[in-house]
Amino acid sequence: MDFQDLGFFPADILLPRPDVDMTKWAVVACDQFTSQPEYWQAVEETVGDAPSALRLILPEAQLNAPDVAERITAVNTAMRRYLDEGLFRTLEKALFYIERTQSDGKIRRGLIGMVDLERYDFTPGSGSLIRATEGTVLERIPPRVQVRRDAPVELPHVMLLIDDPGCTVIEPLEAGRGDMEALYDFDLQQGGGHLAGWRLTEQQVSAVAAGLAGLCRPEVQTQKYGMGSTQALLFAVGDGNHSLAAAKQCYEDLKAVTPESQWATLPGRFALAEVVNSHDCALKFEPIHRVVSGVEPEDVLAAFRRFYPETSDGAGEGHCIQYIHAQGRGVLTVPNPTAQLAAGTLQTFLDQYLKDNTGEVDYIHGEAVIARLGRRPGCIGFQLPAMEKAQLFKTVIADGVLPRKTFSMGHAEDKRYYVEARKIQSL
(Lines give C-alpha, C1' and ligand atoms only; values in the text may rest on other atoms or scores of the structure.)
Protein backbone atom coordinates (compact mmCIF):
# COMPACT_ATOMS: atom_id res chain seq x y z
CA MET A 1 0.00 0.00 0.00
CA ASP A 2 1.83 3.08 -1.26
CA PHE A 3 0.02 6.41 -1.14
CA GLN A 4 3.16 8.56 -1.14
CA ASP A 5 2.77 9.81 -4.72
CA LEU A 6 -1.02 10.17 -4.57
CA GLY A 7 -1.47 13.08 -2.18
CA PHE A 8 -4.08 10.99 -0.36
CA PHE A 9 -3.61 8.82 2.73
CA PRO A 10 -5.37 6.79 5.41
CA ALA A 11 -5.93 8.93 8.49
CA ASP A 12 -6.42 8.69 12.23
CA ILE A 13 -10.15 9.33 12.07
CA LEU A 14 -12.25 10.29 15.05
CA LEU A 15 -15.82 9.05 15.47
CA PRO A 16 -18.22 9.63 18.36
CA ARG A 17 -18.58 6.84 20.94
CA PRO A 18 -21.21 4.19 20.13
CA ASP A 19 -23.62 5.66 22.71
CA VAL A 20 -23.92 8.98 20.83
CA ASP A 21 -27.14 9.57 18.85
CA MET A 22 -25.70 9.86 15.33
CA THR A 23 -28.82 11.51 13.89
CA LYS A 24 -28.33 14.38 16.33
CA TRP A 25 -24.56 14.30 15.89
CA ALA A 26 -24.44 14.77 12.10
CA VAL A 27 -25.31 18.17 10.61
CA VAL A 28 -25.12 19.48 7.06
CA ALA A 29 -22.21 21.48 5.62
CA CYS A 30 -21.90 24.94 7.16
CA ASP A 31 -22.22 26.74 3.79
CA GLN A 32 -25.74 25.46 3.14
CA PHE A 33 -29.08 27.17 3.87
CA THR A 34 -27.30 30.47 4.53
CA SER A 35 -30.46 32.48 3.79
CA GLN A 36 -32.77 30.14 5.68
CA PRO A 37 -32.25 30.74 9.42
CA GLU A 38 -35.28 28.57 10.11
CA TYR A 39 -33.32 25.54 8.88
CA TRP A 40 -30.54 26.07 11.42
CA GLN A 41 -33.12 26.79 14.12
CA ALA A 42 -34.72 23.42 13.37
CA VAL A 43 -31.29 21.77 13.70
CA GLU A 44 -30.80 23.53 17.04
CA GLU A 45 -34.15 22.24 18.30
CA THR A 46 -33.40 18.70 17.09
CA VAL A 47 -29.97 18.60 18.73
CA GLY A 48 -30.89 20.17 22.07
CA ASP A 49 -28.24 19.33 24.67
CA ALA A 50 -27.03 16.17 22.93
CA PRO A 51 -23.44 15.86 21.68
CA SER A 52 -23.41 17.22 18.13
CA ALA A 53 -21.15 18.42 15.35
CA LEU A 54 -23.35 21.53 15.47
CA ARG A 55 -21.25 22.67 18.44
CA LEU A 56 -18.04 22.20 16.43
CA ILE A 57 -18.86 24.28 13.35
CA LEU A 58 -19.82 27.84 12.55
CA PRO A 59 -22.64 28.08 9.99
CA GLU A 60 -21.74 30.58 7.28
CA ALA A 61 -24.88 32.51 8.06
CA GLN A 62 -23.12 33.53 11.29
CA LEU A 63 -19.75 34.52 9.81
CA ASN A 64 -20.70 38.20 9.79
CA ALA A 65 -22.49 38.20 13.13
CA PRO A 66 -21.32 40.95 15.53
CA ASP A 67 -20.31 38.29 18.07
CA VAL A 68 -18.49 36.05 15.58
CA ALA A 69 -15.27 36.05 17.65
CA GLU A 70 -17.17 34.74 20.67
CA ARG A 71 -18.86 32.10 18.51
CA ILE A 72 -15.49 30.88 17.19
CA THR A 73 -14.14 30.69 20.75
CA ALA A 74 -17.20 28.66 21.77
CA VAL A 75 -16.57 26.23 18.88
CA ASN A 76 -12.94 25.70 19.89
CA THR A 77 -13.92 25.30 23.53
CA ALA A 78 -16.49 22.66 22.63
CA MET A 79 -13.89 20.78 20.59
CA ARG A 80 -11.53 20.62 23.56
CA ARG A 81 -14.32 19.64 25.91
CA TYR A 82 -15.40 16.76 23.68
CA LEU A 83 -11.78 15.58 23.49
CA ASP A 84 -11.28 15.87 27.26
CA GLU A 85 -14.52 14.01 27.96
CA GLY A 86 -13.46 11.11 25.76
CA LEU A 87 -16.39 11.59 23.41
CA PHE A 88 -14.31 10.38 20.45
CA ARG A 89 -12.77 7.06 19.62
CA THR A 90 -9.82 6.94 17.20
CA LEU A 91 -9.55 4.60 14.22
CA GLU A 92 -5.88 4.71 13.31
CA LYS A 93 -4.61 4.77 9.72
CA ALA A 94 -8.09 4.16 8.38
CA LEU A 95 -9.99 4.65 5.16
CA PHE A 96 -13.79 4.64 5.29
CA TYR A 97 -16.16 3.51 2.57
CA ILE A 98 -19.51 5.29 2.83
CA GLU A 99 -22.89 5.04 1.15
CA ARG A 100 -25.10 8.11 1.21
CA THR A 101 -28.76 7.70 0.32
CA GLN A 102 -29.77 11.04 -1.17
CA SER A 103 -33.14 12.78 -1.05
CA ASP A 104 -33.97 11.25 -4.45
CA GLY A 105 -33.32 7.73 -3.13
CA LYS A 106 -30.12 7.19 -5.13
CA ILE A 107 -26.98 5.99 -3.34
CA ARG A 108 -23.75 7.99 -3.69
CA ARG A 109 -20.55 6.16 -2.81
CA GLY A 110 -17.57 7.81 -1.18
CA LEU A 111 -14.16 7.25 0.37
CA ILE A 112 -12.95 9.11 3.48
CA GLY A 113 -9.23 9.80 3.95
CA MET A 114 -6.88 12.75 4.18
CA VAL A 115 -5.18 14.81 1.49
CA ASP A 116 -1.71 16.30 1.59
CA LEU A 117 -2.01 20.08 1.34
CA GLU A 118 1.46 20.21 -0.22
CA ARG A 119 -0.14 18.61 -3.29
CA TYR A 120 -3.03 21.10 -3.45
CA ASP A 121 -2.99 24.51 -5.11
CA PHE A 122 -6.05 26.66 -5.78
CA THR A 123 -4.17 29.04 -8.12
CA PRO A 124 -5.81 28.98 -11.60
CA GLY A 125 -3.56 27.16 -14.03
CA SER A 126 -1.81 25.21 -11.30
CA GLY A 127 -0.25 21.89 -12.25
CA SER A 128 -0.78 20.37 -8.80
CA LEU A 129 -2.18 16.90 -8.23
CA ILE A 130 -5.18 18.40 -6.35
CA ARG A 131 -6.77 21.48 -7.93
CA ALA A 132 -9.69 23.82 -7.48
CA THR A 133 -12.48 23.62 -10.03
CA GLU A 134 -13.67 27.19 -9.49
CA GLY A 135 -12.00 30.51 -8.93
CA THR A 136 -11.17 31.02 -5.26
CA VAL A 137 -12.46 34.31 -3.84
CA LEU A 138 -9.57 35.37 -1.62
CA GLU A 139 -11.84 37.52 0.56
CA ARG A 140 -13.74 34.38 1.61
CA ILE A 141 -10.65 32.67 3.06
CA PRO A 142 -9.77 34.80 6.15
CA PRO A 143 -13.03 34.13 8.07
CA ARG A 144 -12.56 30.40 7.59
CA VAL A 145 -8.93 30.68 8.65
CA GLN A 146 -10.11 32.30 11.88
CA VAL A 147 -12.31 29.28 12.59
CA ARG A 148 -9.56 26.73 11.85
CA ARG A 149 -6.47 28.47 13.26
CA ASP A 150 -7.03 27.51 16.92
CA ALA A 151 -9.24 24.50 16.31
CA PRO A 152 -7.85 21.26 17.78
CA VAL A 153 -9.93 19.13 15.38
CA GLU A 154 -11.39 19.45 11.90
CA LEU A 155 -14.66 18.19 10.50
CA PRO A 156 -14.73 17.97 6.70
CA HIS A 157 -17.34 18.95 4.17
CA VAL A 158 -14.79 18.90 1.34
CA MET A 159 -15.68 16.61 -1.54
CA LEU A 160 -12.96 15.70 -4.02
CA LEU A 161 -13.80 14.23 -7.41
CA ILE A 162 -11.85 11.61 -9.33
CA ASP A 163 -12.33 11.00 -13.04
CA ASP A 164 -12.84 7.25 -13.07
CA PRO A 165 -15.24 6.27 -15.88
CA GLY A 166 -14.18 2.64 -15.50
CA CYS A 167 -15.25 2.67 -11.82
CA THR A 168 -11.98 1.08 -10.68
CA VAL A 169 -11.42 2.71 -7.28
CA ILE A 170 -14.55 3.21 -5.16
CA GLU A 171 -17.29 1.12 -6.76
CA PRO A 172 -15.54 -2.27 -6.24
CA LEU A 173 -15.65 -1.66 -2.47
CA GLU A 174 -19.41 -2.21 -2.38
CA ALA A 175 -19.00 -5.95 -2.98
CA GLY A 176 -16.49 -6.16 -0.14
CA ARG A 177 -18.61 -4.60 2.59
CA GLY A 178 -19.00 -7.98 4.28
CA ASP A 179 -15.27 -8.01 5.03
CA MET A 180 -15.29 -4.49 6.49
CA GLU A 181 -15.90 -3.26 10.02
CA ALA A 182 -19.32 -1.58 10.16
CA LEU A 183 -19.03 1.91 11.69
CA TYR A 184 -22.39 3.67 11.47
CA ASP A 185 -25.78 3.32 9.81
CA PHE A 186 -28.39 6.00 10.53
CA ASP A 187 -30.90 8.50 9.18
CA LEU A 188 -29.72 12.08 8.67
CA GLN A 189 -31.81 14.86 10.16
CA GLN A 190 -33.71 17.54 8.25
CA GLY A 191 -34.42 15.39 5.18
CA GLY A 192 -30.77 14.57 4.49
CA GLY A 193 -31.40 10.92 3.66
CA HIS A 194 -29.35 8.09 5.15
CA LEU A 195 -25.66 7.40 5.78
CA ALA A 196 -23.75 4.17 6.36
CA GLY A 197 -20.01 3.70 6.72
CA TRP A 198 -17.45 0.90 6.96
CA ARG A 199 -13.70 0.65 7.61
CA LEU A 200 -11.62 -0.85 4.80
CA THR A 201 -9.42 -3.90 5.37
CA GLU A 202 -5.67 -3.64 4.69
CA GLN A 203 -6.14 -5.51 1.42
CA GLN A 204 -8.87 -3.10 0.33
CA VAL A 205 -6.73 -0.11 1.29
CA SER A 206 -3.96 -1.46 -0.96
CA ALA A 207 -6.45 -1.92 -3.80
CA VAL A 208 -7.54 1.71 -3.46
CA ALA A 209 -3.92 2.86 -3.67
CA ALA A 210 -3.39 0.77 -6.80
CA GLY A 211 -6.57 2.11 -8.38
CA LEU A 212 -5.65 5.74 -7.76
CA ALA A 213 -2.14 5.13 -9.08
CA GLY A 214 -3.68 3.74 -12.25
CA LEU A 215 -5.62 6.98 -12.81
CA CYS A 216 -2.34 8.93 -12.54
CA ARG A 217 -0.44 7.04 -15.22
CA PRO A 218 0.76 9.44 -17.96
CA GLU A 219 -0.71 7.34 -20.77
CA VAL A 220 -4.11 7.30 -19.03
CA GLN A 221 -4.07 11.07 -18.48
CA THR A 222 -3.02 11.71 -22.09
CA GLN A 223 -5.67 9.38 -23.48
CA LYS A 224 -8.47 10.99 -21.45
CA TYR A 225 -7.54 14.65 -21.81
CA GLY A 226 -5.50 14.80 -25.01
CA MET A 227 -3.23 17.36 -23.43
CA GLY A 228 0.11 15.73 -24.10
CA SER A 229 2.61 15.55 -21.25
CA THR A 230 0.70 17.55 -18.66
CA GLN A 231 1.17 17.20 -14.94
CA ALA A 232 -1.29 14.69 -13.58
CA LEU A 233 -4.60 15.88 -12.16
CA LEU A 234 -5.98 13.25 -9.79
CA PHE A 235 -8.40 15.18 -7.55
CA ALA A 236 -10.64 18.11 -8.48
CA VAL A 237 -12.40 19.92 -5.64
CA GLY A 238 -16.13 19.49 -6.12
CA ASP A 239 -17.42 21.02 -2.86
CA GLY A 240 -15.74 22.92 -0.07
CA ASN A 241 -13.09 24.69 -2.15
CA HIS A 242 -12.86 27.68 0.20
CA SER A 243 -12.67 25.46 3.27
CA LEU A 244 -9.80 23.52 1.70
CA ALA A 245 -8.16 26.81 0.73
CA ALA A 246 -8.42 27.94 4.35
CA ALA A 247 -6.77 24.70 5.48
CA LYS A 248 -4.00 25.37 2.98
CA GLN A 249 -3.49 28.90 4.31
CA CYS A 250 -3.34 27.65 7.91
CA TYR A 251 -0.74 25.09 6.88
CA GLU A 252 1.34 27.75 5.10
CA ASP A 253 1.16 29.88 8.26
CA LEU A 254 2.43 26.92 10.30
CA LYS A 255 5.30 26.33 7.89
CA ALA A 256 6.42 29.93 8.38
CA VAL A 257 7.08 29.27 12.10
CA THR A 258 8.17 25.62 11.92
CA PRO A 259 11.55 24.19 10.88
CA GLU A 260 11.31 22.56 7.47
CA SER A 261 12.49 19.26 8.95
CA GLN A 262 9.20 19.08 10.89
CA TRP A 263 6.79 19.95 8.08
CA ALA A 264 6.11 16.31 7.18
CA THR A 265 4.79 15.54 10.67
CA LEU A 266 2.57 18.59 11.13
CA PRO A 267 -1.04 17.40 11.64
CA GLY A 268 -2.15 20.60 9.90
CA ARG A 269 -0.37 19.53 6.73
CA PHE A 270 -3.32 17.28 5.95
CA ALA A 271 -7.08 17.73 5.60
CA LEU A 272 -9.83 15.15 5.90
CA ALA A 273 -12.00 14.84 2.80
CA GLU A 274 -14.46 12.61 0.99
CA VAL A 275 -13.51 11.30 -2.46
CA VAL A 276 -16.31 10.60 -4.94
CA ASN A 277 -16.16 9.36 -8.52
CA SER A 278 -17.46 12.12 -10.79
CA HIS A 279 -19.08 9.34 -12.84
CA ASP A 280 -21.11 8.04 -9.90
CA CYS A 281 -24.65 7.65 -11.22
CA ALA A 282 -26.11 9.37 -8.14
CA LEU A 283 -23.98 12.49 -8.64
CA LYS A 284 -25.78 15.04 -10.82
CA PHE A 285 -24.10 17.94 -12.57
CA GLU A 286 -26.88 20.49 -12.89
CA PRO A 287 -26.32 23.67 -14.94
CA ILE A 288 -26.55 27.08 -13.33
CA HIS A 289 -28.30 29.61 -15.56
CA ARG A 290 -28.03 33.42 -15.65
CA VAL A 291 -30.61 36.20 -15.49
CA VAL A 292 -29.45 39.73 -16.28
CA SER A 293 -31.72 42.45 -14.88
CA GLY A 294 -31.87 46.22 -15.31
CA VAL A 295 -31.14 45.98 -19.05
CA GLU A 296 -32.79 46.17 -22.46
CA PRO A 297 -32.73 42.57 -23.75
CA GLU A 298 -32.16 43.51 -27.39
CA ASP A 299 -29.23 45.71 -26.38
CA VAL A 300 -27.66 42.77 -24.56
CA LEU A 301 -28.14 40.49 -27.57
CA ALA A 302 -26.66 43.09 -29.89
CA ALA A 303 -23.66 43.47 -27.60
CA PHE A 304 -23.24 39.69 -27.55
CA ARG A 305 -23.11 39.58 -31.35
CA ARG A 306 -20.53 42.38 -31.39
CA PHE A 307 -18.46 40.57 -28.77
CA TYR A 308 -18.57 37.35 -30.81
CA PRO A 309 -18.85 38.56 -34.43
CA GLU A 310 -19.25 35.03 -35.83
CA THR A 311 -22.38 34.41 -33.73
CA SER A 312 -25.31 32.90 -35.62
CA ASP A 313 -28.97 32.56 -34.65
CA GLY A 314 -30.30 29.09 -34.06
CA ALA A 315 -28.60 25.90 -32.93
CA GLY A 316 -25.43 24.96 -34.78
CA GLU A 317 -21.87 23.72 -34.34
CA GLY A 318 -20.16 25.35 -31.38
CA HIS A 319 -21.49 26.68 -28.10
CA CYS A 320 -25.29 27.01 -28.12
CA ILE A 321 -26.80 29.37 -25.56
CA GLN A 322 -30.56 29.75 -25.22
CA TYR A 323 -32.06 33.09 -24.23
CA ILE A 324 -35.50 34.22 -23.16
CA HIS A 325 -37.06 37.63 -22.50
CA ALA A 326 -40.50 39.24 -22.51
CA GLN A 327 -40.64 39.49 -26.30
CA GLY A 328 -39.51 35.98 -27.16
CA ARG A 329 -36.78 33.41 -27.01
CA GLY A 330 -34.05 32.01 -29.22
CA VAL A 331 -30.62 30.40 -29.47
CA LEU A 332 -27.22 31.95 -30.07
CA THR A 333 -24.41 29.77 -31.47
CA VAL A 334 -20.77 30.77 -31.14
CA PRO A 335 -18.65 28.69 -33.54
CA ASN A 336 -15.02 27.80 -32.79
CA PRO A 337 -15.15 28.94 -29.15
CA THR A 338 -11.91 29.43 -27.24
CA ALA A 339 -13.43 28.32 -23.93
CA GLN A 340 -14.07 24.66 -23.21
CA LEU A 341 -17.64 25.23 -21.99
CA ALA A 342 -20.62 27.31 -23.06
CA ALA A 343 -20.67 28.73 -19.54
CA GLY A 344 -17.19 30.13 -20.17
CA THR A 345 -18.23 31.70 -23.46
CA LEU A 346 -21.25 33.36 -21.84
CA GLN A 347 -19.53 34.42 -18.62
CA THR A 348 -16.64 36.07 -20.49
CA PHE A 349 -19.15 38.22 -22.34
CA LEU A 350 -21.26 39.01 -19.28
CA ASP A 351 -18.25 40.07 -17.22
CA GLN A 352 -17.25 42.57 -19.90
CA TYR A 353 -20.82 43.74 -20.57
CA LEU A 354 -21.56 44.43 -16.92
CA LYS A 355 -18.23 46.19 -16.56
CA ASP A 356 -19.19 48.58 -19.39
CA ASN A 357 -22.92 48.88 -18.71
CA THR A 358 -25.52 48.91 -15.96
CA GLY A 359 -27.26 45.73 -14.93
CA GLU A 360 -26.89 42.84 -12.51
CA VAL A 361 -26.59 39.10 -12.97
CA ASP A 362 -28.23 36.43 -10.84
CA TYR A 363 -27.34 32.73 -10.93
CA ILE A 364 -30.42 30.54 -11.21
CA HIS A 365 -31.14 26.82 -10.83
CA GLY A 366 -33.88 25.13 -12.86
CA GLU A 367 -35.34 25.63 -16.33
CA ALA A 368 -38.77 26.67 -15.06
CA VAL A 369 -37.26 29.37 -12.85
CA ILE A 370 -35.06 30.81 -15.60
CA ALA A 371 -38.07 30.91 -17.96
CA ARG A 372 -40.16 32.80 -15.43
CA LEU A 373 -37.50 35.27 -14.32
CA GLY A 374 -36.15 35.88 -17.81
CA ARG A 375 -39.56 37.16 -18.96
CA ARG A 376 -39.73 39.94 -16.38
CA PRO A 377 -39.51 43.51 -17.74
CA GLY A 378 -35.93 44.69 -18.08
CA CYS A 379 -34.55 41.17 -17.87
CA ILE A 380 -33.06 38.52 -20.11
CA GLY A 381 -32.39 34.94 -19.12
CA PHE A 382 -29.63 32.74 -20.53
CA GLN A 383 -30.12 28.98 -20.25
CA LEU A 384 -26.97 26.88 -20.38
CA PRO A 385 -26.61 23.22 -21.31
CA ALA A 386 -25.55 20.74 -18.65
CA MET A 387 -21.83 20.07 -18.49
CA GLU A 388 -20.89 16.53 -19.44
CA LYS A 389 -18.94 14.81 -16.67
CA ALA A 390 -16.11 14.01 -19.07
CA GLN A 391 -15.58 17.75 -19.59
CA LEU A 392 -14.78 18.57 -15.94
CA PHE A 393 -11.14 17.52 -15.68
CA LYS A 394 -10.34 18.48 -19.27
CA THR A 395 -11.67 22.00 -18.66
CA VAL A 396 -9.71 22.44 -15.41
CA ILE A 397 -6.53 21.34 -17.20
CA ALA A 398 -7.13 23.51 -20.28
CA ASP A 399 -8.68 26.65 -18.74
CA GLY A 400 -7.25 26.58 -15.21
CA VAL A 401 -10.64 26.62 -13.47
CA LEU A 402 -14.25 26.35 -14.52
CA PRO A 403 -16.19 29.52 -15.25
CA ARG A 404 -17.89 30.97 -12.19
CA LYS A 405 -21.11 29.15 -11.26
CA THR A 406 -20.81 26.48 -13.94
CA PHE A 407 -22.64 23.64 -12.25
CA SER A 408 -24.17 22.46 -9.01
CA MET A 409 -23.69 19.00 -7.52
CA GLY A 410 -27.10 18.12 -6.17
CA HIS A 411 -29.44 19.84 -3.76
CA ALA A 412 -28.52 21.45 -0.45
CA GLU A 413 -29.90 18.59 1.66
CA ASP A 414 -27.68 16.15 -0.26
CA LYS A 415 -24.42 17.91 0.61
CA ARG A 416 -21.96 16.30 3.01
CA TYR A 417 -22.94 16.05 6.64
CA TYR A 418 -20.28 16.41 9.33
CA VAL A 419 -19.67 13.00 10.87
CA GLU A 420 -15.95 12.18 10.96
CA ALA A 421 -13.25 14.34 12.57
CA ARG A 422 -9.45 14.45 12.84
CA LYS A 423 -6.98 16.12 15.20
CA ILE A 424 -5.09 18.95 13.52
CA GLN A 425 -3.07 20.06 16.53
CA SER A 426 -0.59 18.16 18.67
CA LEU A 427 -2.33 18.17 22.03
Side-chain angles (χ1 to χ4, degrees), residues 5-8 108 115 119-136 158-171 211-241 244-245 273 275-289 308 315-321 333-349 351 384-410:
D5 295 327
L6 301 174
F8 181 77
R108 187 179 74 223
V115 291
R119 309 301 300 274
Y120 162 67
D121 189 349
F122 56 78
T123 306
S126 161
S128 61
L129 194 69
I130 308 166
R131 305 180 204 174
T133 54
E134 64 177 5
T136 302
V158 174
M159 185 185 291
L160 302 177
L161 301 177
I162 55 174
D163 185 10
D164 185 17
C167 300
T168 62
V169 178
I170 299 175
E171 286 78 5
L212 291 173
L215 297 180
C216 283
R217 292 204 310 268
E219 63 270 24
V220 172
Q221 295 262 321
T222 299
Q223 180 183 20
K224 283 197 291 191
Y225 311 128
M227 298 296 179
S229 57
T230 59
Q231 292 174 284
L233 169 59
L234 180 56
F235 300 107
V237 183
D239 269 339
N241 182 63
L244 196 60
V275 176
V276 175
N277 185 5
S278 63
H279 298 272
D280 190 307
C281 293
L283 192 65
K284 294 181 180 179
F285 283 11
E286 298 179 351
I288 302 177
H289 311 299
Y308 296 114
E317 291 293 325
H319 285 167
C320 298
I321 301 168
T333 296
V334 179
N336 305 312
T338 57
Q340 292 285 318
L341 302 175
T345 295
L346 176 61
Q347 193 65 48
T348 299
F349 160 71
D351 287 345
L384 290 165
M387 180 181 70
E388 296 179 7
K389 291 183 175 182
Q391 293 178 289
L392 174 61
F393 277 57
K394 187 172 183 179
T395 301
V396 171
I397 291 171
D399 294 349
V401 292
L402 298 177
R404 184 166 63 257
K405 301 287 187 181
T406 297
F407 72 100
S408 173
M409 293 199 312

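Note: hydrogens, waters and symmetry copies are ignored here, and every other heavy atom, side chains too, is used.
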* Taking the side chain as every heavy atom from C-beta outward, state whether K394 and Q340 have any atom pair closer than 4.5 Å. => yes
* Note, F407 side chain near L402 side chain (heavy atom, < 4.5 Å) -> yes
* Taking the side chain as every heavy atom from C-beta outward, state whether L346 and H319 have any pair of such atoms under 4.5 Å apart. => no
* Asked: For E388, does the CD atom sit with more than 12 other heavy atoms under 6.0 Å from it, leaving out its own atoms?
  -> no
* **Spacing of R217 atom CZ and K224 atom NZ [to the nearest 0.5 Å]** => 10.0 Å
* Measure the shortest side-chain to side-chain distance between P335 and E317 over non-hydrogen atoms and say whether it is less than 4.5 angstrom. => no
* Point-to-point distance, once rounded to the nearest 0.5 Å, from OH of Y225 to CG of D163 -> 3.5 Å
* **Side-chain heavy-atom pair T133, L161 within 4.5 angstrom cut-off** => no
* Structure fact -> Smallest heavy-atom separation, Y120 atom then S128 atom, equals C-OG, 4.1 Å
* Asked: Taking atom OG1 of T123 and atom CZ of R131, what is their separation to the nearest 0.5 Å?
  -> 11.5 Å
* To do: For L244 and L160, run side chain to side chain contact (heavy atoms under 4.5 Å, CB included): C-alpha distance rounded to whole Å, both residues' side-chain angles, the deciding distance at 0.1 Å, then the answer.
  => CA-CA 10 Å; L244 196 60; L160 302 177; 4.3 Å; yes
* To do: Enter the distance from C216:SG to L233:CG here, rounded to the nearest 0.5 Å.
  => 9.0 Å
* Taking the side chain as C-beta and beyond, is there a heavy-atom pair between P337 and Y308 under 4.5 Å? -> no
* Please answer whether the main-chain N or O of L215 pairs with a side-chain N or O of Q221 as donor and acceptor at a distance below 3.5 Å. => yes
* If you look at every heavy atom in G240 and V237, which pair is closest and at what distance? -> C-CG1, 4.2 Å
* Could you go step by step and tell me if I170 and D164 meet the side chain to side chain contact (heavy atoms under 4.5 Å, CB included) rule? -> CA-CA 9 Å; I170 299 175; D164 185 17; over 6 Å; no
* **Rounded distance (nearest 0.5 Å) linking atom CG of D5 with atom CG of L234** => 11.0 Å
* Exercise: do D399 and T395 side chains pair donor with acceptor under 3.5 Å -> no
* Can you name the closest pair of heavy atoms from G211 and T168 and give their distance? -> O-OG1, 4.4 Å
* To do: Give a yes or no on whether the backbone of D280 and the side-chain of K389 come within a donor-acceptor separation of less than 3.5 Å.
  => yes
* Asked: Does some side-chain heavy atom of M409 sit less than 4.5 Å from a side-chain heavy atom of F285?
  -> yes
* From CZ (R119) to CG (L129), nearest 0.5 Å -> 4.5 Å
* Looking at V401, L341, I288, which one forms a side chain to side chain contact (heavy atoms under 4.5 Å, CB included) with T406? -> L341
* To do: Indicate the atoms forming the closest heavy-atom contact of P385 with P287, along with that distance.
  => O-CB, 3.7 Å
* Asked: Any donor-acceptor pair under 3.5 Å linking the side chain of T348 with the backbone of G344?
  -> yes
* Asked: Can you find a pair of side-chain heavy atoms, one from V275 and one from F235, that are under 4.5 Å apart?
  -> yes
* Asked: For the side chain of D239 and the backbone of M159, is there at least one donor-acceptor N/O pair under 3.5 Å apart?
  -> no
